[in-house]
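This report concerns only the one structure given below.
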2 protein chains.
Amino acid sequence: MSGALKDAAIRVERPAKTLRELALDKVREAIVNGYFRPGDRLVERDLCAQLGVSRTVVREVLRHLESEGLVANLPNKGPIVAQLDIDEARQIYEIRGALEGMAARLCAERGSPEIVAALEESLTAIRNSYRDSDMAGVLANTSSFYQTLFTMVDRHVAWGVVNLLTVRINHLRSMTIKTERRGIEGPLQMSKIVDAIRRGDGEGAQRAAMDHVAAASAIAEAVLSAQKPAE
Amino acid sequence: MSGALKDAAIRVERPAKTLRELALDKVREAIVNGYFRPGDRLVERDLCAQLGVSRTVVREVLRHLESEGLVANLPNKGPIVAQLDIDEARQIYEIRGALEGMAARLCAERGSPEIVAALEESLTAIRNSYRDSDMAGVLANTSSFYQTLFTMVDRHVAWGVVNLLTVRINHLRSMTIKTERRGIEGPLQMSKIVDAIRRGDGEGAQRAAMDHVAAASAIAEAVLSAQKPAE
DNA sequence: AATCGTATTATGGCCTACCAAATACTGTAG
DNA sequence: CTACAGTATTTGGTAGGCCATAATACGATT
């Protein structure tokens, strides 16, 4: 019985991540940050060599990424990095709008000061990252802003869905935040969400959240349709 | 672009489903319709024997189901059928409400008679299935009702999300539809959605869709909390 | 020269067999 | 009756091989 206490206290983060999970993260990251480009073939045996793992592991990873929508499987040709078409991106933003709007409304209706405080903290972090031109930081802190929004009202499933969809548009996100004026307008829109939550204005919070996503979507669409002809 | 048309016309169906996909469907179905119960261990080699395939395939299938949320992986103990707790179910219904509400609103705003016709067709099919006490038919036709709702306004991604979430609560669904009076009220609520869409009343359609899901959620909650103590 | 087989290669799908480490089980000695 | 050692079970992971198919290259025939 004495054992139960000790390992709860000194619990080290991830004592045993399986090789598969490590490989999964590596490949996902490689796709998300553009090391593998959309349309690239992902040849099993090559990945084995590059990752230093066996085909079994690689195949499981590819299966997983396939179900995440990051990888598409052409019959008789094998896996490639999924192409993101503009319509799909639009749909993903729309879903995010619906879910983030829902979460924002719930936050407002709960009316707890801790939520506002936590959101404001993320928001300041975002502003600082923008000021330092730390784009990776912007992304991370934006994520944590939304994570707060969802988890403070215990909507882990919805947060999971949003996360799942977000990886598919991640390179879009990194382009939208680099847009001129986004450094001002983005945080401004987000602070409107926070304001509405502070006022306990559910309707307003929902609308503000949806507006913010809609703005991001519009920028993404512009970016995407501008680069399509270039290919 | 001319290619898109022609092969849609003569498209031969999928003659060659891979063994993996077959196995995936089999196992998923076995979980969904209760052959494997929540908490059951899914021993790789046993599954190999039962499915008549190799471990390679079984492992990929388990990975896939894990990312679908139907299977949970205990570290160093292996995969089990995921347990559905009541809070998670509630969240899933809530998300469905948000997305189906969105789709219903879009259908109403588009105001195309084909949509109404297609929905009405599904609705009659549901009524017939209820009349014949064909519960599998009710589920299938309800699915196709919602599929229509999403795909008629080209929201394939959202439909995918709803589908993904729905398998996790499938056994709940089959219990809720067996509830007394559900055979009347269910179709009634759905016809309210259709009515609102026919009127072009986006707001009303959204509310009707959310009401319908909320009703299902309430029943599911009752069912679930009634059976929990029994275990 | 153009076209039509045919060999080769690349690759995915699937299988068997094996090993190591963790966990659960069991039987025995003290 | 407990503690401990040994054994079985099972996952995580590896290695390698077989077969089918698609694409490519190459050579032969008209």
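Within every chain, numbering begins at 1; the chains are lettered A, B, ... in the order of the sequence lines, protein sequences first and strands thereafter. All values reported here derive from a predicted model rather than from experimental measurement.
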What is the separation between atom CD on E60(A) and atom P on dG12(D), rounded to the nearest whole Å?
8 Å
Please check this pair: side chain of R155(B) against backbone of V153(B), looking for a donor-acceptor N/O pair closer than 3.5 Å.
yes
Quick one: is T56(B) getting a side-chain N or O under 4.0 Å of the dT16(C) phosphate, OP1 or OP2?
no
Quick check on R55(B): does its CZ atom have over 12 non-hydrogen neighbours (other residues, nucleotides or ligands) under 6.0 Å away?
yes
By nearest nucleotide on DNA chain D, pick out whichever of K77(A) and R45(A) is the more 5' one.
R45(A)
What is the distance, rounded to the nearest whole Å, between atom CD1 of I80(B) and atom C1' of dA24(C)?
17 Å
Consider the side chain of S54(B), meaning its heavy atoms from C-beta on, and name the nucleotide among dG12(C), dT16(C), dG13(D) that approaches it most closely.
dT16(C)
Check the angle between the aromatic planes of Y146(A) and H212(A) and answer parallel, tilted or perpendicular using the 30° and 60° thresholds.
parallel
Ignoring hydrogens and geometry beyond distance, is the side chain of R41(A) in donor-acceptor contact with the base of dG12(C) at under 3.5 Å?
no
I need the CG-P distance between L19(A) and dG12(D), as an integer number of Å.
12 Å
In this structure, how many angstroms lie between the P atom of dT11(C) and the CG atom of L62(A), rounded?
14 Å
Record whether the side chain of R20(A) comes under 3.5 Å of the base of dG13(D) through a donor-acceptor pair of N or O atoms.
no
Donor-acceptor pair under 3.5 Å: do we get one between R55(A)'s side chain and the base of dG13(D)?
no
Would the number of heavy atoms belonging to other residues, nucleotides or ligands and lying under 6.0 Å from CD of E121(B) be above 12?
no
Below 4.0 angstrom from OP1 or OP2 of dG12(D), is there any side-chain N or O of R63(B)?
yes
Tell me whether the side-chain N or O atoms of R59(B) pair up with the base of dG13(D) as donor and acceptor below 3.5 Å, since no angle test is needed here.
yes
Please state how far atom NZ in K17(B) lies from atom P in dC14(C), giving the value in whole angstrom units.
13 Å
From the candidates dC15(C), dT14(D), dG13(C), the one with an atom nearest any side-chain atom of V53(A) is dT14(D)
To the nearest angstrom, how far is N73(A) atom CG from dT11(C) atom P?
15 Å
Just checking L74(A): base, sugar-phosphate only, or nothing, at a heavy-atom cut-off of under 4.0 Å?
nothing
note: N76(A), atom CG; dA10(C), atom C1'; distance rounded to Å ~ 13 Å
Rounded to the nearest angstrom, tell me the gap between atom CD in E66(A) and atom C1' in dG13(C).
13 Å
For the side chain of V43(B), counting heavy atoms from C-beta on, which of dG13(C), dT10(D), dT23(C) is nearest?
dT10(D)
Please round to the nearest 0.5 Å and tell me the distance separating atom CD1 of I126(B) and atom CG of D134(B).
12.0 Å
